[in-house]
There are 2 protein chains.
Amino acid sequence: MTTSEEKTRRAELIAAASRLFKEQGYERTTVRDLAQAVGMQSGSLFYHFRTKEEMLVAVMAAGVAELSERLEEALIGTKTPLDKLKTLFRVHLDTLLGDDKGALSVLLYEWPSLSDKARTELIKLRDGYEREWQRVLDEAAAAGLVHHDTRLLRKLLLGGLHWTIQWYKPGGESTPAELAERLLDLVLKKK
Amino acid sequence: MTTSEEKTRRAELIAAASRLFKEQGYERTTVRDLAQAVGMQSGSLFYHFRTKEEMLVAVMAAGVAELSERLEEALIGTKTPLDKLKTLFRVHLDTLLGDDKGALSVLLYEWPSLSDKARTELIKLRDGYEREWQRVLDEAAAAGLVHHDTRLLRKLLLGGLHWTIQWYKPGGESTPAELAERLLDLVLKKK
DNA sequence: CCTACCGATCGGTAGG
DNA sequence: CCTACCGATCGGTAGG
């Protein structure tokens, strides 16, 4: 079926765009780069996406969707507030530093390239993920595990985790999972 | 004297570039934008700077220099480890969120636009600032104020502080100085 | 510092 | 999805 082939091709383009946008940045990636990465002519891109920006939106939406799904799934098996807290950190860093194809890092760092309309749309999706963080942090604070100013704590922690991609080197002293544990330890009031 | 006039003009260009690079990003700012901001023709820019990238380097170098000077100056009047810790947070957020013309935020977010050569040069300057953070954190840890894993703590905190510019809104519930205090409180083991 | 300009490249389109 | 192309814009330069 043509439709399913088109979906596959579209998915390939999103995967390639994730990688290229992460490596080179959105602005420095040309439509010719993108087309070449999947073996088509640059004009053919616009059969799948109306504009280059639409590709960015697709990448970012895929990034937040994957992250939210992973977190939701990982939280299912958890019981204690501490378990949930650990899961928050681990899923975030595994996705950002580990097996992610780049969509999450594009989501974090390419906001300035979005139009106002697209930004508004994506903020809604991102807020869903942050609300999940807020819920888990509130529960942890109620259990005395972390500081009670959970809204600010959420911002500090997410910022700190987002920033790991600026300095983390794979194959170094810590895996993403180990790093998650060490970072959590920095803000834990008791164990 | 022509020389001092040239210096003034160069400083004006760096100030304009700081503002424009912060507002629009380096890639989306054109040499025509930059020239217009100081009232000259676009070709005339290249009398002051050899390339557009040289302007970015100048902005980033100015950003880290100002930040380091501010911190050094502010630390002079401090005595206790807690005082020094507070100064660390306050200077960083005052500069980033307050009166800064934009150079610091450009410094933080435009690394991917640099050539390898320029990046190496700027890393050295930035490392000086981070070493100062490390010293203060080590002293605070020795006094039992913060977690002993100060290297990772430094990364978490600097990341968290850098990220504030993504969500902080001037005129909101906290001034940069108040925010600094609240954030420090999140990682303080005792007071 | 201006004038006048250039080659390269960009995102995107028409027609098939 | 390709071919062939376009107008706009980009960073940068030569000559004064």
Side-chain angles (χ1 to χ4, degrees), chain A residues 1-60 106 110 112-119, chain B residues 1-60 106 110 112-119:
Chain A
M1 289 200 309
T2 309
T3 305
S4 95
E5 278 170 14
E6 278 175 11
K7 274 187 189 168
T8 306
R9 212 69 175 116
R10 194 184 151 92
E12 283 173 22
L13 273 167
I14 292 176
S18 297
R19 186 174 54 82
L20 287 169
F21 290 166
K22 176 183 179 179
E23 285 174 6
Q24 317 178 1
Y26 171 75
E27 303 286 350
R28 286 176 296 280
T29 301
T30 69
V31 295
R32 285 160 183 82
D33 292 334
L34 292 161
Q36 196 186 16
V38 297
M40 60 171 65
Q41 298 301 311
S42 67
S44 308
L45 277 185
F46 300 94
Y47 170 77
H48 297 278
F49 295 90
R50 268 180 307 171
T51 63
K52 185 188 167 194
E53 197 210 1
E54 207 173 75
M55 299 188 69
L56 176 58
V57 173
V59 167
M60 292 174 78
V106 174
E110 294 291 359
S113 294
L114 290 172
S115 67
D116 289 344
K117 187 165 165 291
R119 193 179 295 120
Chain B
M1 287 202 308
T2 309
T3 306
S4 94
E5 276 170 15
E6 277 175 12
K7 274 187 189 167
T8 306
R9 213 70 174 116
R10 194 184 152 92
E12 283 172 22
L13 274 167
I14 291 176
S18 297
R19 185 173 55 80
L20 287 169
F21 291 166
K22 176 183 178 179
E23 285 173 6
Q24 316 176 2
Y26 171 75
E27 303 287 351
R28 286 176 296 281
T29 301
T30 69
V31 295
R32 286 159 182 82
D33 292 334
L34 292 161
Q36 196 186 17
V38 298
M40 61 170 65
Q41 298 300 313
S42 66
S44 308
L45 276 185
F46 299 93
Y47 170 77
H48 298 278
F49 296 90
R50 268 180 308 173
T51 62
K52 185 187 167 194
E53 197 209 2
E54 209 173 74
M55 297 190 69
L56 175 59
V57 173
V59 167
M60 291 174 79
V106 174
E110 294 291 359
S113 293
L114 289 173
S115 66
D116 289 344
K117 187 165 165 290
R119 193 180 294 119

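Naming: A, B, ... by sequence-line order, numbering from 1 per chain.
The nearest whole Å value for the distance from the CZ atom in Arg50(A) to the P atom in dT13(C) is 10 Å. Per the geometry, CG belonging to Leu45(B) stands 13 Å off P belonging to dC10(D), to the nearest Å. We find that CD of Gln36(A) is positioned 12 Å from P of dC10(C), with the value rounded to whole Å. Rounded to an integer number of Å, the gap from CG of Leu34(A) to C1' of dG11(C) is 11 Å.
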Tyr26(B)/Met55(B) under side chain to side chain contact (heavy atoms under 4.5 Å, CB included): CA gap, chis, key distance, verdict
CA-CA 10 Å; Tyr26(B) 171 75; Met55(B) 297 190 69; 6.0 Å; no
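Inter-residue side-chain proximity for Glu110(A) and Val59(A) is flagged as unmet; no heavy-atom pair is nearer than 4.5 Å.
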What does the 5'-to-3' dot-bracket notation of DNA chain D look like when only Watson-Crick and G-U wobble pairs under 3.5 Å count, and pairs to other strands show as |?
||||||||||||||||
Check residues 11-22 of chain B and write down every donor-acceptor pair under 3.5 Å in which the side-chain atom is one partner and the other belongs to a residue at least two apart or another chain.
residue: Glu12(B); atom: OE1; partner: Arg9(B); partner atom: NH1; Å: 2.5
residue: Ser18(B); atom: OG; partner: Ile14(B); partner atom: O; Å: 2.8

List the atom pairs, donor and acceptor, that lie under 3.5 Å between side-chain atoms in residues 34-43 of chain B and the rest of the protein, sequence neighbours left out.
none

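Near DNA chain D, defined here as any heavy-atom distance below 4.0 Å, there are no residues from residues 15-26 of chain B. For DNA chain D, the neighbouring residues in residues 51-60 of chain B, judged by any heavy atom under 4.0 Å, are Thr51(B), Lys52(B).
A search for side-chain hydrogen bond (donor to acceptor under 3.5 Å, both in side chains) contacts involving Thr30(A) returns Asp33(A), not counting sequence neighbours. By the salt bridge (charged side-chain N to carboxylate O under 4.0 Å, His left out) test, Arg50(A) is found to be paired with Glu54(A), residues two or more places apart in sequence or in another chain being considered. Applying the salt bridge (charged side-chain N to carboxylate O under 4.0 Å, His left out) rule to Arg28(A) yields the partners Glu27(B); only residues at least two apart in sequence or on another chain are considered. For the side-chain hydrogen bond (donor to acceptor under 3.5 Å, both in side chains) test, residues two or more places apart in sequence or in another chain that qualify with Arg119(A) are Asp116(A). Partners of Glu53(B) according to the side-chain hydrogen bond (donor to acceptor under 3.5 Å, both in side chains) rule, which considers only residues two or more places apart in sequence or in another chain, are Ser115(B).
Residue Thr29(B) holds its OG1 atom at 6.5 Å from NZ of Lys52(B), rounded to the nearest 0.5 Å.
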Pick out the pairs of N or O atoms, protein on one side and nucleotides 1-8 of chain D on the other, that lie under 3.5 Å.
residue: dC1(D); atom: OP1; partner: Arg9(A); partner atom: NE; Å: 3.0
residue: dC1(D); atom: OP2; partner: Arg9(A); partner atom: NE; Å: 2.9
residue: dC1(D); atom: OP2; partner: His48(A); partner atom: NE2; Å: 2.6
residue: dC2(D); atom: OP2; partner: Gln41(A); partner atom: N; Å: 2.9
residue: dC2(D); atom: OP2; partner: Ser44(A); partner atom: OG; Å: 2.5

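Scanning both residues, Thr51(B) and Phe46(B), for their nearest heavy atoms gives CA-CE2, 4.1 Å.
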